[in-house]
Colleague: 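Submitted below is the structure of interest, expressed as structure tokens.
This one's a predicted model, so the numbers in the text were calculated from it and none came from an experiment. Note on naming: letters A, B, ... go to the chains in the order of the sequence lines (proteins, then strands), and numbering restarts at 1 for each one.
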Number of protein chains: 2
Amino acid sequence: MNAPQKDVLPVSTDVVVFTMREDCLNVLLVPGDNRVNRRWRLPGGPVRHCEHLDQAAERNLQRDTGLSGVFLEQLYTFGAPERDLEQRIITVAYYALVSALSPSATKQMSTGAARLFPVSDLPTMLLDHDAIVGRAHCRLAAKLEYSTIALQFMPNRFPLSGLQRVYEAILGTALDKRNFRKRILALDCLEETPDFARNGRHRPARLYRIKTPGRVEIFK
Amino acid sequence: MNAPQKDVLPVSTDVVVFTMREDCLNVLLVPGDNRVNRRWRLPGGPVRHCEHLDQAAERNLQRDTGLSGVFLEQLYTFGAPERDLEQRIITVAYYALVSALSPSATKQMSTGAARLFPVSDLPTMLLDHDAIVGRAHCRLAAKLEYSTIALQFMPNRFPLSGLQRVYEAILGTALDKRNFRKRILALDCLEETPDFARNGRHRPARLYRIKTPGRVEIFK
DNA sequence: ACAAAAGTGTTTACCTTACACCCATGA
DNA sequence: TCATGGGTGTAAGGTAAACACTTTTGT
């Protein structure tokens, strides 16, 4: 039994960081630091005594992964008393969406201090972290239908086909190209740039930009 | 400063109990028991060390209001450090829907230990309880659109017009009678009973029954 | 020239909305 | 008989779904 610490509460935050890699939805995990349990876990940690929950989530995320300033939203609070072995810890789960990993996050990844896993191929995780990821994935998929949340995955400029691949990866289904483009453009949240992506040996794709970056619109 | 108690965590549950009264959406509040602050507050209290969050919500709800076995769903966790004056308390908010107040709840109400307030005319409440009620109301209104959650307000048998009034009270808008009936019956969650409500001096209303009571269907 | 992804409209089916009159009862 | 809420159908508009070929580039 660990003695309870003074500065922190028996409450922690855990963050499900989603990002796209190779057209697949990935989750960022960190290796368990616990002697008892060396399983992969979600980045997170205890809430300090004088700290907003959101701040705690951001701070612990930054410490564990180097990420900051990302889209972060509270998901659900998990508090089964049997979920932790050593002491009762209630965790307020968040999810985060990042378009590209920051340099410091990339560094953490190269040193093995963090690693991406496709949601379809997650390792065995600490405690109930699999349930947390599952719920986060559900929330994300649901929000695709009535918000512009998917834009959080996109870089400054991107082709519509890239956005479509994001939708398809999250929903797990193929979408019709024409209907998808119509629907997205009708939202009036993107604008054309004069530029094109000249990638492969095929016609270059028009690049679009988000009209109000950082803002997630809810409609309906 | 109160000394922290051993058996409980610095985490509480608060429950927004919604019920219909006189075609208005009401919230059940209890009088603040605190010497410092005698404002009305949401029923709730601390989470015990070995207790599920849901159990804590249910237990505290029963203690404060006599209600049990009601529809209860986690809403959001509020944890601004400045939200409480004496000590840092994080609260996991829930909302509950009840069709009619149970006898024990009615008793608590008659003794002044609990009282209903219309959401449109709430008193000044403890701490951030107004924000909690606001968020609960939003969630409830949103869920009307894609679930059968409103049925939780209804008694065993009820006329369709009664259900319509529930929708109207929650959404704050009038609905077309014919379209409403079509839409609800198309959900295939109600069945006719042979009975009618003979109330006023007008044609009696057909009574309906919920096919699978206690089950909230999510569609779309 | 060919492979590979980009880009583009129309038709159909379905769902949502608007809307007005008769019915059964109690007073 | 009259006031009150209960009960019913249809037409129009809008949204979502299905569907195939041409364009532009790199090799």
Colleague: May I have the distance from A/F196 (atom CZ) to D/dT23 (atom P), rounded to whole angstrom?
Modeller: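 These atoms are roughly 16 Å apart.
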Colleague: From the options D/dT25, C/dA24, D/dA17, select the nucleotide whose nearest atom is closest to the side chain of A/N179.
Modeller: D/dA17
Colleague: Would you check if there is a donor-acceptor pair between the side chains of B/D14 and B/T91 at a distance under 3.5 Å?
Modeller: yes
Colleague: Just verifying a value: how many Å separate B/L29 CG and B/L116 CG, rounded to the nearest 0.5 Å?
Modeller: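 One finds 8.5 Å between CG of B/L29 and CG of B/L116.
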Colleague: Whole Å only: how far is the CZ atom of A/R198 from the P atom of C/dG7?
Modeller: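 Going from A/R198 (CZ) to C/dG7 (P), I get 13 Å.
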Colleague: Please check the phosphate of C/dG7 (OP1 and OP2 only) for any side-chain N or O of A/R181 closer than 4.0 Å.
Modeller: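 So the side chain of A/R181 is within the cut-off, an N or O lying under 4.0 Å from OP1 or OP2 of C/dG7.
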Colleague: Side chain of B/K182, heavy atoms from C-beta onward: which of D/dT10, C/dC23, C/dA4 has the nearest atom to it?
Modeller: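 Shortest atom-to-atom distance from the side chain points to D/dT10.
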Colleague: Looking at D/dT24, D/dG7, C/dA24, which one has an atom nearest to any side-chain atom of B/K177?
Modeller: D/dG7
Colleague: Take the protein atom CD of B/Q164 and the nucleotide atom P of D/dG7, then report the distance between them rounded to whole Å.
Modeller: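 My rounded result for the distance is 11 Å.
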Colleague: Please determine whether side chain to side chain contact (heavy atoms under 4.5 Å, CB included) holds for the pair A/L28 and A/R115, giving the CA-CA distance in whole Å, both sets of side-chain angles, and the decisive distance to 0.1 Å.
Modeller: CA-CA 6 Å; A/L28 189 63; A/R115 205 175 124 186; 5.9 Å; no
Colleague: Give a yes or no on whether the backbone of A/L175 and the side-chain of A/E168 come within a donor-acceptor separation of less than 3.5 Å.
Modeller: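 Between the backbone of A/L175 and the side chain of A/E168 there is a qualifying donor-acceptor contact (under 3.5 Å).
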Colleague: Atom CG of A/L163 and atom P of C/dA6: how far apart are they, to the nearest Å?
Modeller: 13 Å
Colleague: Between B/V133 and B/L42, is the side chain to side chain contact (heavy atoms under 4.5 Å, CB included) condition met? List the steps.
Modeller: CA-CA 9 Å; B/V133 173; B/L42 296 171; 3.9 Å; yes
Colleague: Between B/S161 and D/dG5, is there a contact of a side-chain N or O with OP1 or OP2 at under 4.0 Å?
Modeller: no
Colleague: Quick check on DNA chain D: between A/D176 and B/L160, whose nearest nucleotide comes earlier from the 5' end?
Modeller: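 Whichever sits nearer the 5' end wins; that is B/L160.
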Colleague: In whole Å, what is the span from the OH atom of B/Y146 to the C1' atom of C/dC15?
Modeller: 21 Å
Colleague: For the pair made of CG in A/L185 and P in C/dG9, what is the distance, rounded to whole Å?
Modeller: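 It works out to 12 Å between those atoms.
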Colleague: Closest to the A/R201 side chain: C/dG9, C/dT17, D/dT25?
Modeller: D/dT25
Colleague: Rounded to whole Å, please give me the gap between CZ in B/R183 and C1' in C/dC15.
Modeller: 12 Å
Colleague: Output the single nucleotide from C/dC19, C/dA24, D/dA20 whose closest atom is nearest the side chain of A/R178.
Modeller: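 Nearest to the side chain of A/R178 among the choices is D/dA20.
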Colleague: Mind calculating the distance between CG (B/L175) and C1' (C/dT16) to the nearest angstrom?
Modeller: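 So the CG-C1' distance, B/L175 to C/dT16, works out to 13 Å.
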